[in-house]
Amino acid sequence: QQLQAYEEYLANVRANCGTSSSTSVVKEETTKTKKGKSDTKGKKGPVKFSHQQLEKDGVIMTSEVPEERRGNIFFSFSSASPGIFDVVVMYKSRVINEMRLQLDELLERQHNNQIEM
């Protein structure tokens with residue numbers, strides 16, 4: 001019963017999270033997850049952050065990127081639908097990696113104290 005109530009709560013949050021136009025909410029969500037490029041209707045982002053800014057904000061805790069290259073690494077976060085986020089990692093102007101994260105998975109990782117990805 002508790003799990004069912006939680007799943008209903010998550011579904012409600014996902015359905016209603018796209019109604020806010022606050023940039024602080026979008027920024028907070030995009031630093032946690034990412035979504036791929038699909039339908040542009042309701043799409044949030046992309047929001048771009050430097051490697052150094054994400055380190056400063058505590059989003060990146062450890063990194064294998066050499067110190068001299070961190071100034072040229074950028075992360076682009078976007079969300080085409082609630083709860084799904086796409087992250088594009090760029091070195092200078094080249095895409096070096098793309099990831100898709102789901103809010104449910106991120107919350108589960110947080111609950112299980114899995115801080116590394």
Side-chain angles (χ1 to χ4, degrees):
Q1 184 181 15
Q2 186 178 6
L3 179 61
Q4 182 181 3
Y6 177 71
E7 288 174 350
E8 289 174 11
Y9 166 76
L10 281 179
N12 187 30
V13 169
R14 283 191 203 107
N16 294 319
C17 77
T19 60
S20 175
S21 62
S22 171
T23 56
S24 63
V25 172
V26 171
K27 181 177 178 182
E28 181 179 336
E29 289 176 352
T30 58
T31 60
K32 295 178 183 175
T33 57
K34 48 223 163 194
K35 170 146 188 196
K37 300 168 188 137
S38 59
D39 187 8
T40 57
K41 183 178 180 182
K43 183 174 180 174
K44 305 289 184 199
V47 180
K48 190 174 178 181
F49 295 95
S50 68
H51 186 284
Q52 294 165 332
Q53 183 64 45
L54 292 178
E55 276 185 314
K56 179 181 171 186
D57 293 343
V59 175
I60 296 177
M61 295 154 84
T62 60
S63 177
E64 296 178 8
V65 176
E67 190 73 38
E68 64 274 4
R69 292 189 181 173
R70 293 182 186 180
N72 293 317
I73 299 282
F74 294 92
F75 296 82
S76 177
F77 295 88
S78 61
S79 177
S81 67
I84 300 175
F85 301 87
D86 285 325
V87 178
V88 177
V89 183
M90 299 179 69
Y91 178 71
K92 297 185 179 178
S93 61
R94 292 179 300 176
V95 173
I96 58 173
N97 195 11
E98 295 184 33
M99 296 186 295
R100 175 169 286 173
L101 298 177
Q102 294 186 358
L103 181 58
D104 294 346
E105 292 173 5
L106 293 172
L107 292 173
E108 183 177 344
R109 286 175 164 271
Q110 181 183 31
H111 177 74
N112 294 330
N113 293 321
Q114 296 175 335
I115 58 173
E116 292 186 14
M117 293 192 73

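- Between atom CE of residue Met90 and atom NZ of residue Lys48 there is a gap of 6.0 Å, rounded to the nearest 0.5 Å.
- From Gln102, atom CD reaches atom CD of Glu108 across 11.0 Å, with rounding to the nearest 0.5 Å.
- Between the side chain of Ser79 and the backbone N or O of Ile84, at least one donor-acceptor pair lies under 3.5 Å.
- The nearest pair of heavy atoms linking His51 to Ser63 is NE2-OG, 3.0 Å.
- Put simply, the residue from Val47, Asn97, Val59, Ile60 that forms a side chain to side chain contact (heavy atoms under 4.5 Å, CB included) with Phe75 is Ile60.
- Within the model, atoms OG of Ser50 and CZ of Arg70 stand 12.0 Å from one another, a figure rounded to the nearest 0.5 Å.
- The nearest pair of heavy atoms linking Pro46 to Ser76 is CB-OG, 3.2 Å.
- Between the CE atom of Met99 and the CZ atom of Phe77 there is a distance of 7.5 Å, given to the nearest 0.5 Å.
- Linking ILVMFWY residues whenever their side-chain heavy atoms come closer than 4.5 Å, directly or via other members, leaves Phe74 and Leu54 in distinct clusters.
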Practice task
Using the side chain to side chain contact (heavy atoms under 4.5 Å, CB included) rule, take Lys56 and Gln52 through it: C-alpha gap first, then chi angles, then the decisive distance, then the call.
Solution key: CA-CA 6 Å; Lys56 179 181 171 186; Gln52 294 165 332; over 6 Å; no

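- The environment of Arg69 atom CZ is sparse: at most 12 non-hydrogen atoms of other residues, nucleotides or ligands sit within 6.0 angstrom.
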